[in-house]
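Some notes on the structure that comes next.
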Amino acid sequence: MGSTAHHDREGVGRRELIRRSAALGLVAVPGMGLLSACASSGGGGQSKAKAGKKTAKNPLGVNDTAKMEFVLFDGGFGKEYAQDAVKIYEQDFPKATVKFAATQKIQSTLQPRFNQGNPPDLIDNSGAEQMDMGVLVGKNQLADLTPLLDAPSYDDPSKKVRDTLRPGIVEMGQFDGRPVWILYYAYTVYGVWYSQKALDSLDAEYPKTWDEMLQVCAKAKKKGMAGWTYAGKYPYYIPFSLYPMIGKVGGREVLDAIDNLEPNAWKHPAVKACFEAYYELFKKGYVLKGTPGLDHIQSQTAWAKGEALFIPNGSWVENESANVIPKDFDLAVSAPSGIDGGDKMPFGTIWASGGEPFIVPAKAANPEGGMEQLRIMLSEASSKNFTAKVKSLTAYNGGTSGIELTPGLKSGVAALQLAGSNVVNPRLQDWYVQLEKEKIGVGALGEMMAGRLTPAEAIKKIQGFADEAAKDTSIKHYKHQ
């Protein structure tokens with residue numbers, strides 16, 4: 001990746017901009033962390049199911065006659081994989097009653113039940129109405145999943161569940177100290193998704209530098225195709241490629257400082273350079289017209305129809321858009337382009353982490369049942385079933401042997417292999433959901449990409465949001481350990 005000297009109207013190259021900004025001595029001082037409350041800990045509660053007898057086949061001591069309630073987010077992965085796992089639970093505990101439901105309105109449906117003290121036993125807390133994880137943890141509303149992780153795995157009693165998981169899954173579920181509050185079931189590859197067929201039609205390769213990105217977008221525009229689109233109504237999809245780009249350009253410590261809500265973290269030269277780069281997509285007319293008004297499904301559909309070349313997304317997109325992606329689309333994902341050869345991390349640096357967060361409420365009537373359902377889902381058979389049906393990896397470290405990988409899944413695996421140890425995992429979307437989605441996403445990035453804020457204005461606004469959160473003593477703050 002040779003260094004290319006792209007110049008803007010003022011005649012300053014991007015790399016020179018980073019050097020000059022660094023020379024100004026923008027120093028981030030460790031601060032605190034963030035978010036507004038969406039949960040309260042009131043309510044009268046519900047009676048707990050009497051614990052069952054622990055045996056080799058029932059290591060968590062599930063009451064085999066107790067009701068178990070499971071609420072799933074009905075999103076890109078659908079619900080069939082979970083229903084299949086429920087059937088196994090029902091086979092293992094034939095006297096038990098399982099109540100299963102799927103909804104897209106997680107918060108509005110379940111938040112009142114948390115407040116009343118009668119939540120379900122297992123929840124897939126995901127989607128646009130995701131309950132704020134940091135708030136739930138901070139208000140002691142989640143059960144510690146350590147008993148599940150230390151239980152024998154469903155397939156091999158000689159292995160603990162924790163020993164069968166992909167690297168980083170356990171740590172992602174931790175906020176402060178050793179307890180594990182969340183089990184991220186899917187393993188998501190975030191990045192820039194595209195049609196290899198469309199890219200080939202432009203006689204182009206995936207761009208490694210931003211100058212190359214602009215050149216590819218110019219080629220696409222000449223053929224009547226926009227360079228980019230994104231979920232305009234949910235612009236917190238933009239970070240799926242923007243954040244790892246910031247990490248690539250400035251190093252993973254920049255992302256850690258942002259997560260830690262450190263003063264001036266968003267004023268780092270790498271952030272400025274990447275915001276300026278993305279803003280160029282808008283200025284040069286490389287974003288699909290009307291994108292700010294599109295939701296995730298509409299933007300993905302336009303992209304699948306060839307109206308735009310690139311879209312920032314996660315690996316669920318292959319399943320979520322399966323009905324509109326042409327058979328010869330040749331779906332692929334790449335790590336984000338960088339600025340140039342002076343970036344701190346190599347091309348291939350990507351965001352990959354646990355996705356689809358499952359939780360067991362602290363006041364669940366049957367928490368052992370909720371954890372047992374997760375133990376079943378973390379078996380090799382359930383993992384393979386998930387991967388085969390929804391085209392995504394799971395937290396189970398394996399589960400792909402004997403499965404014919406789809407184009408997107410195959411590309412995701414290749415992207416992880418290319419990345420090696422250069423995998424970043426920004427935590428804002430886990431620690432501070434409202435900050436990430438409503439303020440940074442909708443309030444700033446969406447406005448910038450629609451041309452209503454300049455990069456400098458967006459950065460100032462975001463830093464203000466982060467500073468407010470850091471000073472808010474009513475919320476729980478988190479830091480990278």
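Just so you know, these numbers come straight off a predicted model, no measurement behind them.
Remark: the backbone N or O of Phe358 is not paired with any side-chain donor or acceptor of Asp124 at under 3.5 angstrom.
Ion pairing between Asp430 and Arg427 holds under the 4.0 Å rule for side-chain N and carboxylate O.
For the residue pair Ser382 / Tyr396, no side-chain donor-acceptor distance below 3.5 Å is found, with atom types taken as modelled. Side-chain contact, Glu307 with Thr229: no donor N or O sits under 3.5 Å from an acceptor N or O. Using modelled atom types, one finds no donor on one side chain facing an acceptor on the other under 3.5 Å when comparing Asp211 with Thr209.
Between Trp316 and Phe240, the ring centre distance stays below 6.0 Å. In this structure, the ring of Trp303 has its center no less than 6.0 angstrom from the ring center of Tyr230.
Between Lys391 and Leu409, the shortest heavy-atom contact is O-CD1, 3.9 Å. For Tyr184 against Pro357, the heavy-atom pair with the smallest separation is CE2-CB, 3.5 Å. Nearest heavy-atom pair, Ile325 versus Val317, reported as atom, atom and distance to 0.1 Å: CD1-O, 4.3 Å. Between Arg166 and Thr394 the shortest heavy-atom distance is NE-O, 2.7 Å. The two residues Ala198 and Ser195 make their nearest non-hydrogen contact at N-OG, 3.0 Å.
The cationic group of Lys437 lies under 6.0 Å from the six-membered ring centre of Tyr236 and within 45° of the ring axis, placing it in a cation-pi geometry.
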Side chain to side chain donor-acceptor pair (under 3.5 Å) between Glu212 and Ser337: does it pass, once the steps are laid out?
CA-CA 8 Å; Glu212 292 172 358; Ser337 311; over 6 Å; no
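The aromatic rings of Trp266 and Phe275 sit perpendicular, their planes meeting at an angle over 60°, well past the 30° parallel limit. A tilted orientation is assigned to the rings of Phe175 and Trp431, their planes being inclined by 30° to 60°. Phe310 and Tyr194 have perpendicular rings, their planes meeting at more than 60° on a 0 to 90° scale where under 30° would count as parallel.
To the nearest 0.5 Å, atom CD of residue Glu276 and atom CE of residue Met448 are 8.5 Å apart.
The salt bridge (charged side-chain N to carboxylate O under 4.0 Å, His left out) pairs that include a residue from residues 186-202 are Lys197-Asp328, where partners are two or more places apart or lie in different chains. Counting only residues at least two apart or in different chains, ring pair (Phe, Tyr, Trp, His ring centres under 6.0 Å) contacts with residues 126-145 are absent.
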